[in-house]
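Quick notes on the structure that follows.
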Amino acid sequence: MSSSAAIAVSGVSKRLGEHQAVNNVSIEVPVGSIYGFIGPNGSGKTTTIRMIMNILVPDAGSIHVLGKASAADVRDDVGYLPEERGLYKKMTVRRVLRYYGQLKGKTAHEVDAGMKEWLGRLQLTDWMDKRVEQLSKGMAQKVQFIAAVVSQPKLLILDEPFSGLDPVNAEALKDAVLEMRRLGTTIVFSTHDMGAAERLCERIFMIFKGNKVLDGTLDDIQAEYGHDTARVRVSGGVSMLQGLPAVDAINDHGNYQDVRLKGNPQAFLQALVQKTDVQQFEIRRPSLHDIFVRIARPTADDLRAENGDVR
């Protein structure tokens, strides 16, 4: 294991019943980084996180967390926000946060100092002595985030932290994540929000059908897929793009379209100009969203298998 790795996963596999959830996956999460886990539902993200957290035991391979052979050996230094949220609804916010902080070996005094700072930062001070059941969903999610960070962990693992949040609360949580990184915490988060992954993550890992398919910086990943995407805005919209030369696929965003090209972009542009008015034409790297869709979109064989046709 590299001395600069907060998490080192080597050749890890996990089978759940008849399903191969994770297959021979290896990754290293650099100390002090924000590292994104992406992948479709059922791809193996949460299984991998649960093995890192020592909730599940791998069938093969090894996992080191903060230099130890098991997260159980460093549990007081690891904060975890699970995808399945859960707080004690009858307890006050103050009692819940004290409880979680003391589970990590902190005194009530130590917890209170951090708790008050985080409640103020996330605009929850007035709710400190309210029962959890009185909070809105967004407030409760921010309290659960505070519960994961109030002990000042060296490693913070967030499973879908932005799920279900409105834009204001999502922005507040994003700022909180960046503050934790500034404090020196290594952050791993699983997300379906490709925009958040692009903005926040220094490295991105994608798992698909249990296999690692991407692992690197956003620049490295985009460079691998080349400058093969044209963003266009034309009179007549997407219907003007269909049937033109060099078009491999079209992602329609309504006001503009991202067109994946398989030939000469200039030939495509010339054909487009002859057909309609072009208001915008830009050759660009594919977005992480586009790359995700390319990898995860079902193939014709996948659809036939789902329908029981295994020709």
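By convention here, the first residue in the shown sequence is residue 1.
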4.5 Å side-chain heavy-atom contact, [X] and [Y]:
X: His192; Y: Glu160; result: yes
X: Tyr80; Y: Ile52; result: no
X: Leu119; Y: Val93; result: yes
X: Met53; Y: Met51; result: no
X: Ile38; Y: Phe205; result: no
X: Leu158; Y: Val177; result: yes
X: His64; Y: Ile7; result: no
X: Phe208; Y: Pro40; result: yes

[X], [atom1]: over 12 other non-hydrogen atoms inside 6.0 angstrom:
X: Arg75; atom1: CZ; value: no
X: His109; atom1: NE2; value: no
X: Gln280; atom1: CD; value: yes

Criterion side chain to side chain contact (heavy atoms under 4.5 Å, CB included) on Arg98 and Arg94, from CA distance to verdict: CA-CA 6 Å; Arg98 276 183 179 171; Arg94 185 196 302 268; 4.1 Å; yes
Ring geometry between Phe281 and Phe268 (parallel below 30°, tilted from 30 to 60°, perpendicular above 60°):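 It falls in the tilted class, 30° to 60°.
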Any salt bridge between [X] and [Y], counting N to O under 4.0 Å?
X: Arg181; Y: Glu202; answer: yes
X: Arg294; Y: Asp228; answer: yes
X: Asp59; Y: Lys14; answer: yes

Spell out, as yes or no, whether a donor-acceptor pair under 3.5 Å connects the side chain of [X] to the backbone of [Y].
X: Gln20; Y: Gly210; answer: no
X: Gln141; Y: Leu165; answer: no
X: Thr276; Y: Ser235; answer: yes
X: Lys106; Y: Val111; answer: no
X: Lys104; Y: Val78; answer: yes
X: Glu110; Y: Thr107; answer: yes
X: Thr186; Y: Gly32; answer: yes
X: Gln222; Y: Pro286; answer: yes
X: Arg233; Y: Asn255; answer: yes

Steps toward side chain to side chain contact (heavy atoms under 4.5 Å, CB included) verdict (Thr229, Val259): CA-CA 5 Å; Thr229 299; Val259 183; over 6 Å; no
Evaluation steps, side chain to side chain contact (heavy atoms under 4.5 Å, CB included), between Ile187 and Met180: CA-CA 8 Å; Ile187 298 162; Met180 289 300 296; 3.9 Å; yes
If you round to the nearest 0.5 Å, how far is [atom2] of [Y] from [atom1] of [X]?
X: Trp127; Y: Gln134; atom1: CH2; atom2: CD; value: 7.0 Å
X: Thr92; Y: Asp129; atom1: OG1; atom2: CG; value: 6.0 Å
X: Ser287; Y: Met194; atom1: OG; atom2: CE; value: 9.5 Å
X: Met115; Y: Ile146; atom1: CE; atom2: CD1; value: 9.5 Å
X: Lys90; Y: Arg95; atom1: NZ; atom2: CZ; value: 13.0 Å
X: Ser43; Y: Ile295; atom1: OG; atom2: CD1; value: 11.0 Å

Within one Ile-Leu-Val-Met-Phe-Trp-Tyr cluster: [X] and [Y], side-chain cutoff 4.5 Å:
X: Leu16; Y: Phe37; answer: no
X: Leu103; Y: Val143; answer: yes
X: Leu81; Y: Val29; answer: no
X: Leu261; Y: Tyr225; answer: no
X: Val234; Y: Tyr256; answer: no

Worked check of side chain to side chain donor-acceptor pair (under 3.5 Å) between Asp73 and Ser70: CA-CA 6 Å; Asp73 297 328; Ser70 170; 4.8 Å; no
Aromatic ring proximity, centroids under 6.0 angstrom, Tyr35 and Phe189: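 Not under 6.0 Å, so no.
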Ring centers of His289, Phe292 separated by less than 6.0 Å: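 No, the ring centres sit 6.0 Å or more apart.
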Sequence neighbours excluded - side-chain hydrogen bond (donor to acceptor under 3.5 Å, both in side chains) pairs with any residue from residues 150-159: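 Counting only pairs at least two positions apart or across chains, the side-chain hydrogen bond (donor to acceptor under 3.5 Å, both in side chains) contacts touching residues 150-159 are Thr46-Asp159, Asp159-Ser190.
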Given Leu178, Thr185, Ile204, the one that forms side-chain contact (heavy atoms from CB on, under 4.5 Å) with Ile34: Leu178
Residues in side-chain contact (heavy atoms from CB on, under 4.5 Å) contact with Asp166, at least two apart in sequence or another chain: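 So Asp166 forms a side-chain contact (heavy atoms from CB on, under 4.5 Å) with Val168, Asn169.
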If you take all heavy atoms of [X] and [Y], which pair is closest and at what distance?
X: Asn24; Y: Ser13; answer: N-OG, 2.8 Å
X: Ala271; Y: Leu244; answer: CB-CD2, 4.0 Å
X: Val12; Y: Val22; answer: O-CG1, 3.5 Å
X: Thr191; Y: Ala197; answer: CG2-CB, 4.1 Å
X: Lys275; Y: Ser239; answer: NZ-O, 4.0 Å
X: Lys212; Y: Asp215; answer: NZ-OD2, 3.6 Å

Audit row: Leu241, Leu272, side chain to side chain contact (heavy atoms under 4.5 Å, CB included) steps and yes/no: CA-CA 7 Å; Leu241 306 173; Leu272 189 59; 3.5 Å; yes
Residue pair Thr217 / Asp220, side-chain donor-acceptor N/O under 3.5 Å: yes
